[in-house]
Each structure stands twice: as C-alpha cells, then as structure tokens.
S.K.: 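Pasting in a structure now, in structure tokens, and then I'll have a few things to ask.
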Amino acid sequence: MGQELNPPNPSPDTASLVKRLAGPSTTKAGLAKDQSEINRIIAEASKGSKFYDNEKRKDKELTERINKILKQRDDARQGVDISQIEKSTDHTLDQLESHRDLSQVIVHVDMDAFYANVELLHNPELKGKPFGVGAGVLSTASYDARKYGVRSGMPGFIAKKLCPELILVNINFTRYQEMSDKVMDIFRRYDPNMLAAGCDEGYLNITAYCEEHNLDPQACVQEMRAFVHKETNLTVSAGIAPNKNKPNGQFYLPFDRESIKSFMQDLPIRRIPGVGRVNERLLDAIGIKTCGDIYTHRATLSLMDKQFGLQFLLRIHLGIASNVVEPGKREERKIASAKVHFRTFSTLSDRQQILNKLEEVAAELEDDTERNGWTGKTVTLKYKLNTYQVYTRAKSFDRWISTKKDDLLAVCHHLWQYHLLLLVFLIFIIYRSARNFCQAILCQLG
DNA sequence: GCGGATCAC
DNA sequence: TATGGTGATCCGC
Ligand SMILES: Nc1ccn([C@H]2C[C@H](O)[C@@H](COP(=O)(O)OP(=O)(O)OP(=O)(O)O)O2)c(=O)n1
Ligand SMILES: [Mg+2]
C-alpha cells in the first residue's frame, strides 16, 4: 500500500527510449562530455510528436525481443555442461589464434567532418563557428557544433535547441564527390587496391609501399596525411593496425598479440562495425558491454550462436579481422535518382489524391528509365505512414518490366494496400539478375 | 522471392 | 512547425 502513495511520474521515459531518441551516432569524435543532459533535451523536444510515438513503439518491441532472448538463454543453459561448452569455444579461439596474421600493415583513413570541412573551403567565414550541413536533418556537424551535442542524423530544429547560434548550411553533393575523388586518388598512390568505404574513408594495405620506399608505417601514413592536407586543405585521421578493425581517431596499434588483446579488452562493443544500437542492447542484456566481456559469456554465445553469431564475436574478442584489401565490386551501379517534392496542407487521406501522386511518381520513373534505357524485373513500392511506420511491397516478373507510366502505375496500384495518411512514396525498379540496381523516385507528400 | 530489421556513412 | 538519402545485408518465412 505504501508504495501506491508514491506513484512514479506519469509515463517516464525509460533509459532505453531516451538513448534511442538521441540517435545512432552518439559515439562520434568531438562530442560533449555530458550526454545525459543533452539526451534529456532531445527527448523533451521530441515528446508528443508522431515520430516520438513510433520510437517508443520500436523501443517496446525491442524490449520484448530482449525478454524473449533472455528466456531462451535460461532454457538453453538448463541441463547442459557449461564447462564443456567453454572448453569447446576455447578450442575455436585457439584455432583462430593460430591463424593470426600480423604481417600486413592495414591503415584505415577517414576524413574529418568531411562535408563540413569541404563547406569550410567554400566559406571560410564559418571557421571556428558551430555549423551543421543539411536541411531538415543534418548530414554532419562541425567540431565546434559537436561540443554542444550536435551530430549526424539530428533534425535541425533540435540541433538549434542545443546550440542556438548554430549555422545551417545547404548540402552540395557534387562538391563532396569532387573532393572525394581527389582524396581517393591520393590514397591510391599508397595502395592501388584500396577499398573505398563510403565517400570519405578507405582501407589500405600499405605493406608493399612501405617496403618499396623503405618507410615505417607511421612515417608512411604521416606522409600520406600531409599530402592530403597539402593538396586539398582537408584533414584526415588514420588508424594503423594489423587488420581492418578501425581504432578510433588517429592511432597506432602495436603489432603484437598482447597489445591487440589489451586494446580490445575494454573497447565498448558498440565501436565494432556491425554492432549498432540494437545489437548493443541485446548484448548488454546478456552482460556484454566490452569486447573483453565476450570471453566471459562465451558459453551463452555458443548456445545462442543463431541469435548473436559466435564466430563474429570470437574474432572480435581476439581482434582478428580480414587483412585482405580489395577494391569493391566492379559492377557498374549507376544510380540516377530523381526526386519530386510535393507539399500539401496535410497528409493525403483521399484515395484518388494518393493515386494521382502515385501516377506522378510513375511518370517520373518512366521518364528517367526511358532516358537512361534501364529496366529491371522487380518493382518495389515503399511508403511511409504519418505514424512513421514504413511498408514495402514488391513484385517480381520473369520478363523485363515495361516502364511505361501506366504499366508501373497498374503494378504499384496493386501493391499499395490502400493505406491512407501517407507521408512518403517511393518506387524502385530493381534489376536483380546481375545483383545490380536500380532507379529510385521519391515523392514527398504532406 | 518477400518483408521487416539492422547497419553504415 | 519540425526527424534524411542511399545502399547493403541478413533472417525467417
Ligand atoms: N548519418 C550520416 C553519417 C554521415 N553522413 C555523411 C556526412 C559525413 O561528412 C560523411 C562522412 O561520415 P563520417 O561518419 O566519416 O563523419 P564525418 O566525416 O562528418 O566526421 P568524423 O570526423 O567523425 O569522421 O558522410 C551522412 O550523410 N549521414
Ligand atoms: Mg569522416
């Protein structure tokens, strides 16, 4: 009874929801030290919106999923010989360890605040000021803005709350692509097989270059970074290690087993590429926060290989990753995306109006595909409701799709399940046989 | 093949 | 007032 006299706040945000609302890129360099106050402001600003409700729904679903996994874990551990399982995973670890290859010098290079620093070249007055790139949602933020908690993926109006003097700069993709080409060319001098990962980073194997030029890795990377700065006025960070697992920022990881193990020991699991917000929570639920914790819970992970991926995590624990660097798949994948924005006074709730919009998108798609002579065998219709719930509906054909407007419209009309209150429509035509893409049209409603 | 979920940048 | 674009992969069905 006594407890009921002190009811909790009405629907307080759970820690997990507050964290979810903060967005995916909360581990970026240059962010403020105290994120809890920042996260509170973000949650406050989000409250009451449809977006917030949707995040809350997803958070609840994830909590249920976690509870299910915990139950599975408890069931799986019943009546099995844990020490036997641990022995078996130890054997796997020994196997992995025996194949550890420290012979290759891998460097990961990543441009600093890429879009922001390119904008700085065009507008030097921004120097030293907090600014973000992008309208609506920020693609990135200058380091001066990050101090306030402003970061990638954050909507502009919330960023302004965190930093009222924040300047918003429009996005100019062609500029970034130009600079990207320049930078990549420099990287390729050091490894012609470089793997470009996105437009601002790359993985290089500089073993051969160091040998030929009689350079040690540190000197080699310093030289490369100096070249980038000289030729582009942009700065770049690098991590040098025996494989492609990127350390944060600029870093040299000594090439011996002990150094690597101690580096991994306290590294938060979230820093590993492939472990995002969701997997971070799942792993946290079974007691894993750092790469070192993987070993402690190896029996559970072994029993729940399906859910967590034992091999993936064991390799992470040891700090063993691929040290083969190859350029990405060569397949041409031209994307000419056309975009149409419509603004109406409210979301569309009338079938005929929606069909009219769909027809506009189909017409745009016909136009683009005709112009470029492309087609495919799958049509995908994707739409977002004003609740932020997303649906995709697809249909594949044995023959090439007619990209005539009316044919596309007929297919999409069929795929659209008469949901109302739409925010966004997208149509894709996918060319799958060569695992190739595509064409996308976006139609913004409401 | 389909649809949802997750992740990276 | 208001929460992105693009591309990829994986899993369960
Ligand atoms: N959610 C995101 C993340 C990134 N980007 C774009 C803008 C970035 O400038 C570029 C490179 O991404 P990075 O993750 O490397 O971020 P930055 O280069 O901006 O900053 P950092 O100095 O942390 O590398 O990709 C984006 O559009 N949306
Ligand atoms: Mg970068």
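Excluded from the calculations below are hydrogen atoms, water molecules and symmetry mates; all remaining heavy atoms, backbone and side chain alike, are included.
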S.K.: Between P on B:dC7 and NZ on A:Lys28, what's the gap in Å once rounded to a whole number?
M.R.: 16 Å
S.K.: If only side-chain N and O atoms of A:Arg65 are considered, is one of them under 4.0 Å from the OP1 or OP2 phosphate oxygen of B:dT6?
M.R.: yes
S.K.: Within 45 degrees of the ring normal and closer than 6.0 Å to the centroid, is that where the cationic atom of A:Lys147 sits relative to A:Tyr143?
M.R.: no
S.K.: Reckon A:Arg277 has a side-chain N or O less than 4.0 Å from the OP1 or OP2 of B:dA5?
M.R.: no
S.K.: How many whole angstroms separate atom NZ of A:Lys47 from atom P of C:dA2?
M.R.: 18 Å
S.K.: Please state how far atom CG in A:Asp305 lies from atom P in C:dC11, giving the value in whole angstrom units.
M.R.: 10 Å
S.K.: Considering only side-chain heavy atoms of A:Ala394, which listed nucleotide, B:dG3, C:dG12, B:dA8, is closest?
M.R.: B:dG3
S.K.: Taking only the side-chain heavy atoms of A:Val278 (C-beta and beyond), determine which of B:dG4, B:dC7, B:dC9 contains the nearest atom.
M.R.: B:dC7
S.K.: May I have the distance from A:Phe312 (atom CZ) to C:dC11 (atom P), rounded to whole angstrom?
M.R.: 12 Å
S.K.: Do any of residues 156-165 of chain A sit with a heavy atom less than 4.0 Å from DNA chain C, and if so which?
M.R.: A:Phe157, A:Ile158
S.K.: Does C:dA2 have OP1 or OP2 under 4.0 Å away from a side-chain N or O of A:Ser49?
M.R.: no
S.K.: Less than 4.0 angstrom between a side-chain N/O of A:Ser46 and OP1 or OP2 of C:dT3, yes or no?
M.R.: no
S.K.: If the cut-off is 4.0 Å, is A:Tyr388 near the phosphate of C:dT3, judged by side-chain N/O to OP1 or OP2?
M.R.: yes
S.K.: What contact category does A:Lys50 fall into here, base, sugar-phosphate, or nothing, at under 4.0 angstrom with non-hydrogen atoms?
M.R.: nothing
S.K.: Are A:Val109 and A:Tyr190 close enough that some pair of their side-chain heavy atoms sits under 4.5 Å apart?
M.R.: no
S.K.: Go nucleotide by nucleotide along DNA chain C from the 5' end; which of A:Leu21 and A:Lys382 gets its closest nucleotide reached first?
M.R.: A:Leu21
S.K.: Given A:Glu61, which of A:Lys58, A:Arg57, A:Arg65 fulfils the salt bridge (charged side-chain N to carboxylate O under 4.0 Å, His left out) condition?
M.R.: A:Arg57
